[in-house]
J.: 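Structure below; questions to follow.
So that the names make sense, note that chain A is the first sequence line, chain B the second, and so on, each numbered from 1.
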There are 4 protein chains.
Amino acid sequence: MVRHLSGGYMPKIVDEQMREATRQRILREAASEFARLGFDQANINVIAEQAGIGKGTIYLYFENKRELFLAMLRQIAQSQLAVIRPALATPGTLQERLEKLFRAFVTLAQTDSDSFNVYMSALYGVNRAFQAEATRLLRDYLAVISLVLEEESSTSALQIENVETASLMVLSLTESYILSAKVLGQSEQRLIQQAPLVARAILQGIGTPQQ
Amino acid sequence: MVRHLSGGYMPKIVDEQMREATRQRILREAASEFARLGFDQANINVIAEQAGIGKGTIYLYFENKRELFLAMLRQIAQSQLAVIRPALATPGTLQERLEKLFRAFVTLAQTDSDSFNVYMSALYGVNRAFQAEATRLLRDYLAVISLVLEEESSTSALQIENVETASLMVLSLTESYILSAKVLGQSEQRLIQQAPLVARAILQGIGTPQQ
Amino acid sequence: MVRHLSGGYMPKIVDEQMREATRQRILREAASEFARLGFDQANINVIAEQAGIGKGTIYLYFENKRELFLAMLRQIAQSQLAVIRPALATPGTLQERLEKLFRAFVTLAQTDSDSFNVYMSALYGVNRAFQAEATRLLRDYLAVISLVLEEESSTSALQIENVETASLMVLSLTESYILSAKVLGQSEQRLIQQAPLVARAILQGIGTPQQ
Amino acid sequence: MVRHLSGGYMPKIVDEQMREATRQRILREAASEFARLGFDQANINVIAEQAGIGKGTIYLYFENKRELFLAMLRQIAQSQLAVIRPALATPGTLQERLEKLFRAFVTLAQTDSDSFNVYMSALYGVNRAFQAEATRLLRDYLAVISLVLEEESSTSALQIENVETASLMVLSLTESYILSAKVLGQSEQRLIQQAPLVARAILQGIGTPQQ
DNA sequence: GATGAATGAGGCTTCATTCAT
DNA sequence: GATGAATGAAGCCTCATTCAT
């Protein structure tokens with residue numbers, strides 16, 4: 001038996017890394033299952049198997065199925081925001097930034113399709129059990145967009161009457177357009193090409209009436 | 001199935017009416033339950049009770065829970081289309097018609113909130129078991145809108161590059177805007193007031209760049 | 001298909017009888033299982049099987065395992081009281097009546113051994129979840145005995161200082177003596193023979209000190 | 001197992017003491033948990049925590065939950081006997097000794113309430129898994145009492161027909177009276193006051209009829 | 001020896017569905 | 001046709017036990 005000089009404390013960091021890795025694996029598989037079947041049909045057992053751990057182990061990482069779902073939801077929001085923020089923070093005209101936002105979402109919907117679906121489902125699905133949390137996350141998204149619009153509104157000629165409403169329009173059109181297109185089976189490539197079109201629609205939509 | 005027009009047993013027509021009435025009652029209560037709890041959490045037993053019939057009776061009208069859900073979905077689509085079509089068919093400018101469409105959806109979301117929620121959930125929810133059917137219904141909606149846009153495109157000055165894309169934009173912005181507003185707790189009144197704004201956004205978005 | 005003249009109401013009585021019979025069968029098998037293994041180790045599944053019904057059927061009769069246990073407990077108390085009351089109501093000296101009480105308990109412990117064990121266990125076991133209910137039942141027993149002692153105390157020469165204490169002594173000695181004897185494997189016959197001895201012990205114990 | 005009396009590694013005796021101390025700590029906490037929740041609901045993990053050791057460590061001291069329970073039971077019996085023996089060995093009349101026995105049990109039930117409850121539960125509870133061991137312990141108690149009664153029977157005027165029966169009566173009345181009183185919420189003080197009454201009841205009960 | 005993360009058997013309960021009446 | 005009692009598959013979760021460190 002090997003004894004490390006630093007006693008029982010040394011493996012702490014390794015353990016912590018292991019633990020975090022397992023946690024991430026669970027969250028990833030959970031997203032996959034929840035995206036495939038929805039909260040109720042998703043099977044904890046299957047998630048555990050997919051994650052390569054025992055059934056009971058999940059409960060060492062998450063209190064119960066519901067908490068696992070919420071944790072997954074928060075993580076999705078976090079990682080999506082991590083993509084959205086830089087997209088909007090890019091220098092350039094608002095049109096360009098909205099295009100970039102749109103493309104960022106398209107990419108998210110493509111590369112992390114499970115997450116995208118789960119998030120949309122939590123937000124627009126009927127399972128009220130998660131609507132409170134989903135709404136909270138929605139507000140986070142809106143806050144990021146609002147920030148850009150306010151900045152734009154104060155520095156450029158664009159007049160935005162109601163930033164909150166405008167932000168909601170930006171987000172809802174962007175997301176729902178992508179979602180609908182996905183449902184209809186449109187390719188990512190085609191979606192990307194529509195970025196300028198959609199961005200312009202949004203831009204013109206949120207501005208003050210010209211006449 | 002043979003129908004004796006002058007059968008001496010019982011007036012078939014009354015039976016048929018009764019049967020249809022019961023079917024409708026089941027569908028209505030199903031929408032209420034499914035909207036409240038989602039497909040999985042909804043309870044067949046409760047639906048039967050609400051509809052004032054026995055638990056087993058539902059199975060005389062629908063093969064199983066899934067088929068009941070799908071039938072309900074189709075009926076919702078049908079009754080929503082019955083509201084959308086006239087809204088779009090109204091004479092007037094496209095802007096006016098889109099405003100009307102938007103208001104029609106707001107009203108639907110308000111007066112038949114259950115149906116609206118269930119439909120949105122089926123469309124954007126993750127339960128892939130119903131996505132095929134939801135997609136089919138989505139195409140029906142788009143077809144109605146496309147018809148108007150094509151007609152407009154040929155008779156007015158408005159140039160629409162891609163009717164399918166434009167239709168999708170019309171529908172997705174309209175619906176998702178309402179849905180997001182609902183999630184954020186905005187009142188119906190406020191939504192109605194935003195009709196011109198949203199309609200203009202859509203209109204400008206789908207048209208060819210003016211300059 | 002047979003149609004009864006009195007419509008759907010006729011089978012009511014038969015159904016009610018059937019239902020009650022099933023309920024009793026469940027309670028009997030529950031007593032057997034609970035007596036054999038205790039509340040926690042007892043298996044609802046096994047009880048259902050023993051009762052010749054499906055696993056889920058138990059839940060049509062009892063809300064959950066705990067309620068089944070409590071219902072069983074109450075029924076045991078009821079049927080034990082039905083034996084105890086006449087034993088104590090018998091005319092004769094108090095000594096004779098206490099002997100009869102003792103013999104009645106011996107018989108109960110013999111013929112309905114499961115019930116006797118379960119009741120004792122609920123009363124003296126550590127499972128606090130049922131102690132409140134068990135205590136309530138204990139009070140019922142004591143009330144029956146107290147009645148006799150009070151009557152005796154007023155009509156005979158026997159002076160009983162504290163009826164409640166005396167009743168508790170009557171019950172606890174009777175029951176615990178039988179229980180201990182059972183644990184030690186003594187025969188019913190031998191126990192019955194000890195009736196006069198135990199009765200006398202009780203009688204002399206509860207009377208006022210002679211000197 | 002070889003013990004090096006002069007081993008240079010570590011003072012074995014200290015180790016042995018540590019080990020025994022830990023064992024005792026586990027047994028004490030086990031009694032607390034088992035008394036609080038019963039065998040099945042008691043949680044090994046909680047016992048370990050309370051004892052200030054790791055979950056797995058318990059298994060270095062006891063083979064499994066069942067063996068831990070039995071070891072605890074034996075220890076309780078041992079320490080109770082250590083109280084009972086001197087109470088009965090006290091010089092004085094049998095009445096006085098029985099009073100002392102009663103008071104000793106009352107004190108046990110008060111100061112070591114957990115142990116008392118667990119022991120009673122094992123004895124009178126339904127979990128047959130432990131009845132064999134509980135019975136063995138019961139016999140130990142009876143042996144101690146029998147010894148006194150036999151001695152008394154041969155040296156004094158008291159005639160005891162059947163020592164075994166009498167012993168059982170002594171023990172069962174003493175214990176069950178206390179237990180019932182506890183269930184009914186009577187105070188320790190009141191119980192102590194009843195010592196002479198109970199002792200006399202026992203004494204008169206086990207002796208041959210005087211007249 | 002001590003630890004606690006990991007395991008998976010086991011059990012209560014729900015509820016869609018069946019079917020005798 | 002209508003009913004609802006009965007069914008049993010299915011799934012979340014707990015917790016005693018193991019074992020690598």
J.: Rounded to whole angstroms, how far apart are CD on A/Glu49 and P on E/dA6?
T.: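 About 17 Å, once rounded to whole Å.
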
J.: Could you check C/Gly56 against D/Thr57 and say which one's nearest nucleotide on DNA chain E is further toward the 5' end?
T.: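 It is D/Thr57 whose nearest nucleotide is closer to the 5' end.
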
J.: Quickly work out the C/Phe39 CZ to E/dC12 C1' distance and round it to whole Å.
T.: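 Value for this atom pair: 10 Å.
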
J.: Rounded to the nearest Å, what distance is computed from the CD atom of residue A/Glu63 to the P atom of nucleotide F/dC15?
T.: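 Result: 14 Å.
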
J.: With heavy atoms under 4.0 Å as the rule, sort C/Leu60 into base, sugar-phosphate or nothing.
T.: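 Since a base atom lies under 4.0 Å of C/Leu60, the category is base.
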
J.: Should F/dA20 form a Watson-Crick or G-U wobble pair with both distances under 3.5 Å, which nucleotide is its partner?
T.: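 In the structure as shown, F/dA20 has E/dT3 as its Watson-Crick or wobble partner.
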
J.: Without decimals, in angstroms, what is the distance between B/Lys65 NZ and E/dA16 P?
T.: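 The answer, rounded to whole Å, is 4 Å.
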
J.: State which of E/dT17, F/dA16, F/dG1 makes the closest approach to the side chain of D/Ile44.
T.: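 Of the candidates, F/dA16 comes closest.
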
J.: Is the shortest heavy-atom distance from the side chain of A/Glu29 to the side chain of A/Glu33 under 4.5 Å?
T.: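 SC-SC contact between A/Glu29 and A/Glu33 ruled out.
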
J.: Would a distance-only check, ignoring hydrogens and angles, find a side-chain to backbone donor-acceptor pair under 3.5 Å from C/Arg25 to C/Ile53?
T.: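 Here the side-chain-to-backbone pair does not exist.
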
J.: Donor-acceptor pair under 3.5 Å: do we get one between A/Lys55's side chain and the base of E/dG10?
T.: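 Indeed, a donor on one side and an acceptor on the other fall under 3.5 Å apart.
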
J.: I'd like to check A/Glu67 versus A/Tyr59 (side-chain heavy atoms, cut-off strictly below 4.5 Å). Are they in contact?
T.: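 The answer is no, as the side chains (C-beta and beyond) never meet within the 4.5 Å cut-off.
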
J.: Does A/Ala48 reach a base, just sugar-phosphate, or nothing at all? Heavy atoms under 4.0 Å.
T.: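 Here A/Ala48 touches no strand at all.
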
J.: Let me know which of D/Tyr119, D/Phe39, D/Phe62 forms a ring pair (Phe, Tyr, Trp, His ring centres under 6.0 Å) with D/Phe69.
T.: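 Per the ring pair (Phe, Tyr, Trp, His ring centres under 6.0 Å) rule, the option paired with D/Phe69 is D/Phe39, out of D/Tyr119, D/Phe39, D/Phe62.
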
J.: F/dT14 phosphate, OP1 or OP2: any side-chain N/O from D/Asn43 under 4.0 angstrom?
T.: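 No.
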
J.: For C/Ile58 and A/Arg66, take the nucleotide of DNA chain F holding the closest heavy atom to each; which residue's nucleotide lies nearer the 5' end?
T.: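 This one resolves to C/Ile58.
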
J.: OP1 or OP2 of F/dA6 sitting under 4.0 Å from any side-chain N/O of C/Tyr59?
T.: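 No, outside the criterion.
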
J.: Got A/Ile47 and A/Leu68 here, is their nearest side-chain heavy-atom distance under 4.5 Å?
T.: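 In contact.
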
J.: In whole angstrom, what separates A/Glu33's CD from F/dC12's P?
T.: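 The distance from CD of A/Glu33 to P of F/dC12 comes to 10 Å, rounded to the nearest Å.
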
J.: If you pin C/Gln41 and A/Ile53 to their nearest nucleotides in DNA chain E, which one's is more 5'?
T.: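 Going by which nucleotide is closer to the 5' end, it is A/Ile53.
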
J.: Check the distance between F/dT17's P and D/Tyr61's OH and give it to me in whole angstrom.
T.: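 For the pair D/Tyr61 OH and F/dT17 P, the rounded distance is 18 Å.
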
J.: Report the distance from atom CG of D/Asn45 to atom C1' of E/dT7, rounded to the nearest whole Å.
T.: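 To the nearest whole Å, that distance equals 14 Å.
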
J.: For the pair made of CE in C/Met18 and C1' in F/dG4, what is the distance, rounded to whole Å?
T.: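 So the CE-C1' distance, C/Met18 to F/dG4, works out to 15 Å.
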
